[in-house]
Amino acid sequence: MFLRLRQEADAALREALDGSGLAADLRREELPENLLLEESEHADISSSIAFFLASRLKASPKDIASRLVTHAADAVPEGGLISEVRAVGPYINFHASELFFQETLRRIREEGCDFGGLGLKGRVILEHTSANPDGPLHVGHLRNAIIGDVLARVLRKAGYEVETQYYVNDMGRQIAVAVLGAERFGLDASKKGDHAVVEAYVRASRELDTDESLRREAEALMRRYEEGDPEAVEKYRRVVEKCLSGVKETLERLDIKHDRFVWESEFVRSGDVRRVLEALRERGEVVEEGGALVLKLKCSEKDLVLQRGDGTSLYSTRDIAYHIWKSKLCDRMIDVLGKDHELVSKQLAEALALLGVPPPDVVIFEFVSLPTGSMSTRAGKFVAVDELLDKVEEAALQEVEKRRPDMSEEQRRRVARVVGVGAVRYDIAKVSPEKPMVFDFEQALDIEKRGAPFIQYAHARASSILRMAAESGYVRRSDGDFSLPDFDATLLSTESERTLIRELSKLDYVVEKVVRELKPHHLAKYGRVVAETFNRFYRDCPVLNAEPPLRNARLNLVYCTKVVLKETLRLLGIEAPEEM
RNA sequence: GGGCCCGUAGCUUAGCCAGGACAAAGCACCGGCCUUCUAAGCCGGGGAUCGCGGGUUCGAAUCCCGCCGGGUCCGCCA
């Protein structure tokens, strides 16, 4: 809804720019695309475009603002979402009309969880997590998984048809080592699949450092797997699937599900990799260096090795084949990758360009390290997501036991699980992807009050009010949802109420921002702000004890808040408990 | 050595892309608020040379250059 307000402000401002002749000397594209229209604490929406024009027109921003405002005020349609345009010094402030507040609540009531969508069209394939199947997910993979999962949810919200994919790197050297380890030392059947595999992998890795024959064995195994030797394929399949089943179980705990798992080896077996090589030889400059095939790249300062000297394929070439395949199935590809893949993804884009395939959008996130340094699956130096979740849920359970002795054991466990997973997801989602993170166990277990639980708590409070209202017969309950009577939105006139409605209206604005920047942390912040605003309303405005017409209006506002909080949490992959 | 990213209160972060209304929050610390809808809440207080140094500008946390610190990548690993 906020986007509609911005559209109206934008239209009025553009008319004012034309009408005043102030932008006459400027070409359209010289103006900032959004006309510097942003949310503001001084108005419902505000533009600082006068500053921008001031330097070009050599006039004072204050004068420009007041000239623009006289035109903008005329341009604002009667009966629209804007009631007033005012110049405050150099700023142009737009104030929302009564209709804006009414419409926001009406649409939330009408659209429910669809509120805040953008109606975009198109098919997206989003690849995320894609941890090597040589061990359990650790907290570094967790960042990838959460960024990817939230983006998938938000892109769907925006209207895209999204398929999430997990690219299974089953052809790497480390998988051969894991398979070898499994063969030599067996897999501990008492352990979860991924944990059993990593045990064998770490042990084999260690031996590999000293045992030359094991190294040769691994290379031979890789070759046989690449050739499709049935025995090797079967060995691999067993280990990789064992590991993946454990990974999937972990992802399920986090409420993350991939639509498709794509095995890297498929592209070798299908002949796609061979065809990529042929095409690149034709369209690009491929040279032989010491038996290996190398693609010369112009933009990237590093050339790309396509094939080993012994004729076996390499990750990059298989990745090119994977992306060509994906590109045929969708309109847009998005990859969530760690910072270490940045150069590779640039090389991939350049290789794809040679073949006339549009590159994927790449979301790069910085590493999660431990206080003792970076993580390594191979060295067995990592914090597993399973362990983190176990401990956080345990900490959450202690909290719930302290606060809610009245709840049943089963209820407390449920709340602890929802709060624990939510806390983990929120703590990662709230940080901008390009920020390096250092994982600290103590900090992770200290469930931050302003994180997920804060938002969940606000939702529980709202739910509680509605539940009691239903018990008193003020609202009707119908299959889990509430049906509320019509109301007069003009009664919601206090600052707390207005501010809350304004925040609720911004869901589409935030969704748009996340989609545009491919950064989930804006949504995390939004959830916190809505919860904060609701808590202030909760303090200032009694609901159940208000006079009936006002009570009714406030119940509607509480309902709308619950809808927006629940939807925001859902997009973050966090459950919204009815009570906690 | 070169490329990219990060460096904002004791700690964790937002703001940086599109320079402007007082540098914004949380944790921790200090003080206040449960006879009215869950105190995982609310209100107030102290706490910041926005890594350092230059430059551009009427104006820089934000743009440009240099430096320092941390991370990461730099052909037959993935």
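By convention in this document, chain letters (A, B, ...) are assigned in the order of the sequence lines, proteins followed by strands, and residues within each chain are numbered from 1. Remember, predicted model here, so these are calculated numbers, not experimental data.
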- Query: Would you find a donor on one side and an acceptor on the other, under 3.5 Å apart, between the side chain of Arg318(A) and the backbone of Phe267(A)?
  - Reply: no
- Query: How long is the line joining CD1 of Ile175(A) and C1' of rC77(B), in whole Å?
  - Reply: 12 Å
- Near-parallel close stack of Tyr91(A) and rA21(B) base (under 5.5 Å, under 30°): yes
- Task: Spell out yes or no: do the side chain of Ser316(A) and the base of rA78(B) have one donor N/O and one acceptor N/O closer than 3.5 Å?
- Result: no
- For rC34(B), decide between syn and anti, treating a glycosidic angle within 90° of 0 as syn. syn
- Query: Counting distance only, does the side-chain N/O of Gln456(A) pair as donor-acceptor with the main-chain N or O of Glu575(A) below 3.5 Å?
  - Reply: yes
- Side-chain N or O of Arg536(A) less than 4.0 angstrom from OP1 or OP2 on rG41(B)? no
- Message: Tell me whether the side-chain N/O atoms of Arg528(A) come closer than 4.0 Å to OP1 or OP2 in rC27(B).
- Response: no
- Message: At less than 4.0 Å, is any side-chain N or O atom of Asn169(A) found next to OP1 or OP2 of rA78(B)? Yes or no.
- Response: no
- Tyr166(A) vs Phe261(A) aromatic rings, parallel, tilted or perpendicular, using cut-offs 30° and 60°? parallel
- Message: Any side-chain to backbone donor/acceptor pair from Arg412(A) onto Leu397(A)? Under 3.5 Å, distance only.
- Response: no
- Could you check how far CZ of Phe367(A) sits from P of rG71(B), rounded to whole Å? 12 Å
- Query: Hey, is the side chain of Arg461(A) poking within less than 4.0 Å of OP1 or OP2 on rA40(B), counting only N and O atoms?
  - Reply: no
- Query: Salt bridge or not for Glu39(A) and Arg502(A), using N-O below 4.0 Å?
  - Reply: no
- Task: In whole angstrom, give me the gap between the P atoms of rG71(B) and rG10(B).
- Result: 23 Å
- Task: Provide the distance between the two C1' atoms, one in rA61(B) and one in rA25(B), to the nearest whole Å.
- Result: 16 Å
- Between Glu289(A) and Ala50(A), just flag the one whose closest nucleotide in RNA chain B comes earlier from the 5' side. Ala50(A)
- Face-on cation placement of Arg6(A) at Tyr509(A) ring, 6.0 Å and 45° thresholds: no
- Could one point to a donor on the side chain of Ser40(A) or the base of rA21(B) with an acceptor on the other under 3.5 Å away? yes
- Item | Euclidean distance, atom CZ of residue Arg378(A) to atom C1' of rC77(B) [Å, nearest integer] | 10 Å
- When rounded to whole Å, the CG to P distance for the pair Asp440(A) and rU13(B) reads 11 Å
- Task: Please determine if a side-chain N or O atom of Thr312(A) lies less than 4.0 Å away from the OP1 or OP2 oxygen of rC76(B).
- Result: no
- Message: Given 3.5 Å as the limit, does a donor-acceptor pair link the side chain of Ser376(A) with the main chain of Lys381(A), or not?
- Response: no
- Assign each of Arg318(A) and His42(A) the nucleotide of RNA chain B bearing its closest heavy atom; nearer the 5' end lies the nucleotide of His42(A)
- Same-atom distance (P) from rC68(B) to rU49(B), integer angstrom: 23 Å
- Message: Using atom P in both nucleotides, what's the gap between rG41(B) and rC27(B) to the nearest angstrom?
- Response: 7 Å
- Given Gln165(A), Lys326(A), His341(A), the one that forms side chain to side chain donor-acceptor pair (under 3.5 Å) with Asp335(A): Lys326(A)
- Message: Under 4.0 Å, heavy atoms only, any strand: does Leu314(A) hit a base, just the sugar-phosphate, or nothing?
- Response: sugar-phosphate
- Touch check for Gln174(A), heavy atoms < 4.0 angstrom, all strands: base, sugar-phosphate only, or nothing? sugar-phosphate
- Message: Applying a 4.0 Å non-hydrogen cut-off, can you work out what Val529(A) is touching in the nucleic acid: base, sugar-phosphate, or nothing?
- Response: nothing
- Item | Short side-chain N/O contact from His521(A) to OP1 or OP2 of rG15(B), under 4.0 Å | yes
- Secondary structure string for RNA chain B (Watson-Crick or G-U under 3.5 angstrom, | for other-strand pairs): (((((((..((((......[...)))).(((((.......))))).....(((((..]....))))))))))))....
- Task: Name the nucleic acid region contacted by Phe454(A), choosing base, sugar-phosphate or nothing; use a 4.0 angstrom heavy-atom cut-off, strictly under.
- Result: sugar-phosphate
- Is the aromatic ring centre of Phe51(A) closer than 5.5 Å to the centre of the six-membered base ring of rG20(B), with the two planes inclined by less than 30°? yes
- Using atom CG of Asn535(A) as one end and atom C1' of rA39(B) as the other, report the distance to the nearest whole Å. 11 Å
- Between Arg516(A) and Glu512(A), is a salt bridge (charged side-chain N to carboxylate O under 4.0 Å, His left out) present by the stated rule, with each step listed? CA-CA 6 Å; Arg516(A) 181 162 35 86; Glu512(A) 192 276 334; 3.1 Å; yes
- Message: It should be established whether Arg516(A) places a side-chain nitrogen or oxygen under 4.0 Å from OP1 or OP2 of nucleotide rC17(B).
- Response: no
- Side-chain N,O (Ser464(A)) to OP1/OP2 (rU38(B)) below 4.0 Å: yes
- Task: Would you please confirm or rule out a distance under 4.0 Å between OP1 or OP2 of rG7(B) and any side-chain N or O of Lys435(A)?
- Result: yes
- Message: Need one value for Arg539(A): base, sugar-phosphate or nothing, where a base atom within 4.0 Å counts as base even if backbone is also close, heavy atoms only.
- Response: sugar-phosphate
- Does OP1 or OP2 of rA78(B) have a side-chain N or O of Tyr315(A) closer than 4.0 Å? no
- Atom-to-atom span, CZ of Phe52(A) to P of rU62(B) - whole angstrom: 20 Å
- Message: Taking only the P atom of each, what is the distance from rU8(B) to rG44(B) in whole angstrom?
- Response: 27 Å
- Message: Syn if the chi torsion is within 90° of 0, anti otherwise; quick check, which is rG75(B)?
- Response: syn
- note: Glu38(A), atom CD; rG19(B), atom C1'; distance rounded to Å ~ 14 Å
- Message: By the 4.0 Å heavy-atom rule, please label Asn93(A) as base, sugar-phosphate, or nothing.
- Response: base
- Query: Going through the checks in order, is the side-chain contact (heavy atoms from CB on, under 4.5 Å) test met by Thr568(A) and Leu523(A)?
  - Reply: CA-CA 7 Å; Thr568(A) 303; Leu523(A) 190 64; 4.1 Å; yes
- Answer with base, sugar-phosphate or nothing: what part of the nucleic acid does Lys339(A) contact at a heavy-atom distance below 4.0 Å? base
- Could you tell me whether the side chain of Tyr526(A) and the main chain of Glu503(A) form a donor-acceptor pair under 3.5 Å? yes
- Could one point to a donor on the side chain of Glu33(A) or the base of rC17(B) with an acceptor on the other under 3.5 Å away? no
- Item | Nearest-Å distance once atom C1' is located in both rG19(B) and rG32(B) | 40 Å
- Message: Can you measure Asn132(A) atom CG to rC77(B) atom P for me and round it to whole angstrom units?
- Response: 15 Å
